[in-house]
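Chain letters run A, B, ... following the sequence lines, proteins first and then strands; every chain starts at 1.
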Amino acid sequence: MKSPKYSICFFAFMILSLLVSCYPIKEDLTRDELDMVITMYDKNYYLPSGKNDFQNFRTFVIPDTIVHITESGVTDTISRAYDSFIIGQVRSNLLKAGYTEETKPAVSAPDIAITISISTGKIINSDWYQYWGWYWPDYEKGIAASLNPNGHYYPFYPPYYGLGSTYTYSSGTILLEMADVSRVDPAVNELPIVWAGIVNGALGGTTEVLQSRISTGIDQSFSQSPYLYKSIR
Amino acid sequence: MKLRYCLTGLFLLTVLMASGQGRYFGYTYSISSPKSGINGYINNISYRGINFEGFNELNEKFAIGWLAGWNVFSEKLLNEVYVKDNVTIKGTQYRYMNLFPILARGLYLLGKQSGIRPYLGAGLGMTSEVSRTDLGLYSIKNKGWHFTMAPEIGINFPVTKGLITGSLRYAYSVKTTDLGHVSYLSFNLGYLFSVSKRPAL
């Protein structure tokens, strides 16, 4: 027969163990706390030590259509309700950074083109290990690709791991990409991307709240890239 | 890997083979302060810790002991900006580090056997690290085992059918191929049951 003190000890240990949780921060998350902004630049154009070829860019153009990234064969259900708002926010930030919009790109080529893409998806207990999951679209193939530090493009797929579904989010990603127009080669189906901003977060909320989060995210992608701003700032 | 098995074996041998004048086991509550290797990542003091531990007196002065613990460090960083090379990431981060030390301990006991007994100790063993950083909708996870050294000082107060024990332990876990070193200072307070045939107070 077991001694009562062993039982008491074991019981107390179990109770105390239950009080200790692996992930103890238990708060009700708001959607904006799940928002994330990632920016990345091409090191051939900028180095913190001094080089900054972004300063050579003066004019820009923004295509009037936002690219919707969907899986092959899947119907595009992404809303276009926010397209003009998003384009307006990007334009506003570029103007604020000191660039001039080229209104007749067919006549006078701009220095840079900013393309905007949107993707949505479900995140099911997604694990993001030590590498970052870049979503870098290849416009022709419609698949995700990534840019390595040397400026080459490689196919890349989202890191989904089915390690038990404990939660699910509907996520949305806005991808801003800056291409150096002078380096565009029509014979190559790749754009020379020199800067990218990724605004990612959970979908949902009212139109006003969503617009506010989109606006904050796009503004942040520029403000955390001070090398884009003209030195007159 | 072999080292881990050896140390786990040593730990089990310590528990199973040791016999002597007094045998004690129980649990302690642990408060930990992050030190080198943790405090660049999480700065908050951990109030979530527990140890299952015990020791066996070999003679009047020496005892060998064991410990299996769990310390949880966590911190929320609001709108943290993280820069790595040419990438900048901004978002609210939730950082967690779980450390599970498994130690074999040697204790040098001062004072008289029936009285209050300060002690000096040293532990050797392994620590399992499970850390996670939640950023936005994503998580970065790291797992691994460290080799751990843990000097300690403590004091045991004899009470009915056991001991009240308090200790200050510095645990240093060396870096591995994938993980950096971690270290923390823990204050531990708890109760150990006497399981020896020697009459307790």
Could you tell me which portion of A:Q224 (side chain, backbone, both or neither) has an atom closer than 4.5 angstrom to a non-hydrogen atom of chain B? both

According to side chain to side chain contact (heavy atoms under 4.5 Å, CB included), who are the partners of B:T176, at least two apart in sequence or on a separate chain? B:H146, B:D178, B:L179

Can you measure from CG (A:N200) to CD1 (B:I89) and round to the nearest 0.5 angstrom? 11.0 Å

Best-contacting candidate, B:T88, B:T92, B:N79, B:L78, against chain A by heavy atom pairs under 4.5 angstrom: B:T88

Closest approach of A:Y41 and B:D85, non-hydrogen atoms and distance? OH-O, 3.7 Å

Summary of salt bridge (charged side-chain N to carboxylate O under 4.0 Å, His left out) pairs that have at least one residue in residues 147-156 of chain B, sequence neighbours excluded: B:R105-B:E152, B:E152-B:R169

When you look at NZ of B:K175, are more than 12 heavy atoms from neighbouring residues, nucleotides or ligands closer to it than 6.0 Å? no

Mind checking the OH-CG spacing from A:Y227 to B:N86? Nearest 0.5 Å is all I need. 8.0 Å

